[in-house]
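Note that ligands are numbered from 1 as they come in the structure, with each ligand's atoms numbered from 1 the same way. One-based numbering along the sequence shown. Everything quoted here is computed from the prediction, not taken from an experiment.
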Amino acid sequence: MILASASPARYKLLHDAGITAEKIVSGVDESVVQHTDPARTAGMLAALKAQAVAAQVTGPALVIGCDSVLAFDGEILGKPADAAEATRRWQKMRGRSGVLHTGHSVIDTATGRHALQGARTIVHFAQVSDAEIDAYVATGEPLHVAGAFTIDGRGGAFVERIEGDHGTVIGLSLPLLRKLLTSLGHDLTTLWS
Ligand SMILES: Nc1nc2c(ncn2[C@H]2C[C@H](O)[C@@H](COP(=O)(O)OP(=O)(O)OP(=O)(O)O)O2)c(=O)[nH]1
């Protein structure tokens, strides 16, 4: 399996699930997709990433590309531009909920077949204080992640509950990956190392 992503979180999620993927960063410029629907935006970017990497691959491989965005207050939010934006977002997000959409695209380079599907998880944010927001932003963590929060890092303390698969929030849904691989005629368990 080739992971078309720079995300250490996605790589670790696969590795911990028994799948040691090769990482090839797609280099796709995410600004090329300007869609109003968050699921479509994440899906289109996931497909672009997988296609960009699959084009570089010679021989049989399963390439997976993912993209995550947070739909909140009618906006499609990726990574915050800077600390000020991360702070503003948290001041709006606290005590409310958003939907984390992650698009998944799997390409089987041996057959040319591909499967594309999105997953969504509702995230309920805690009523964090200004001091907690400042401390979180100061760690730098929210600057590197879609939605300006993590569920498995320091941000986990600020996520009250989720409705959906937690992997979708981190950036890759394993149950969805299983379904996509099955649709391409592959058994996920054969990828276990
Ligand atoms: N560890 C962790 N990372 C998260 C979480 N939520 C989002 N992220 C990270 C995963 C991805 O690195 C990033 C989502 O942005 P993208 O989907 O655009 O991926 P990224 O640009 O990082 O890498 P890529 O475009 O796939 O090469 O945010 C979380 O809850 N936990």
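Under a 4.0 Å criterion applied to the non-hydrogen atoms of Ala9, ligand 1 contributes the atoms 1 (N), 2 (C), 3 (N). Of all atoms in ligand 1, listed by their number and element, those nearer than 4.0 Å to a heavy atom of Asp67 are 16 (P), 17 (O), 18 (O). The contact set between ligand 1 and Glu30, taken as ligand atoms under 4.0 Å from a residue heavy atom, comprises 18 (O), 21 (O), 25 (O). Under a 4.0 Å criterion applied to the non-hydrogen atoms of Ser7, ligand 1 contributes the atoms 10 (C), 11 (C), 12 (O), 23 (O).
When the shell of 6.0 Å around NE2 of His166 is examined, it contains 12 or fewer heavy atoms from other residues, nucleotides or ligands. Around the CZ atom of Arg178, the shell of radius 6.0 Å holds no more than 12 heavy atoms that belong to other residues, nucleotides or ligands.
With respect to atom 10 (C) of ligand 1, the closest heavy atom belonging to the protein is Ile170 O, 3.4 Å. Distance from atom 30 (O) of ligand 1 to its nearest protein heavy atom, with residue and atom name: Ile151 N, 2.7 Å. Of the protein's non-hydrogen atoms, Lys49 NZ, 2.7 Å is the one closest to atom 25 (O) of ligand 1. The closest protein non-hydrogen atom to atom 28 (O) of ligand 1 is Ala146 N, 3.0 Å. In terms of protein heavy-atom proximity, atom 23 (O) of ligand 1 is nearest to Ser5 OG, 3.6 Å. In terms of protein heavy-atom proximity, atom 5 (C) of ligand 1 is nearest to Val169 O, 3.4 Å. In terms of protein heavy-atom proximity, atom 21 (O) of ligand 1 is closest to Lys79 NZ, 2.7 Å. Counting protein heavy atoms only, atom 17 (O) of ligand 1 is closest to Arg10 NH2, 2.7 Å.
With values rounded to the nearest 0.5 angstrom, His114 atom NE2 is found 7.0 Å from Gln51 atom CD. Of the inter-residue distances, the one linking Ile170 atom CD1 with Cys66 atom SG reads 12.0 Å to the nearest 0.5 angstrom. Between the CD1 atom of Ile151 and the CG atom of Leu100 there is a distance of 8.5 Å, given to the nearest 0.5 Å. Rounding to the nearest 0.5 Å places CZ of Phe149 at 6.5 Å from CE of Met93.
Taking all heavy atoms of Thr150, Asp152, Leu45 into account, the minimum distance to atom 1 (N) of ligand 1 is reached by Asp152.
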Discussion item. Apply side chain to side chain contact (heavy atoms under 4.5 Å, CB included) to residues Gln117 and Lys179 and explain how you reach the verdict.
Written reply: CA-CA 10 Å; Gln117 192 169 333; Lys179 286 180 188 159; 5.5 Å; no
Practice prompt. Give the C-alpha distance, both sets of side-chain angles, the deciding distance and a yes or no for side chain to side chain contact (heavy atoms under 4.5 Å, CB included) between Asp16 and Tyr11.
Written response: CA-CA 9 Å; Asp16 291 349; Tyr11 180 83; over 6 Å; no
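By the 3.5 Å distance cut-off applied to N or O atoms, Ala6 is counted among the residues near ligand 1.
With sequence neighbours excluded, no residue forms a salt bridge (Lys or Arg N to Asp or Glu O under 4.0 Å) with Asp37.
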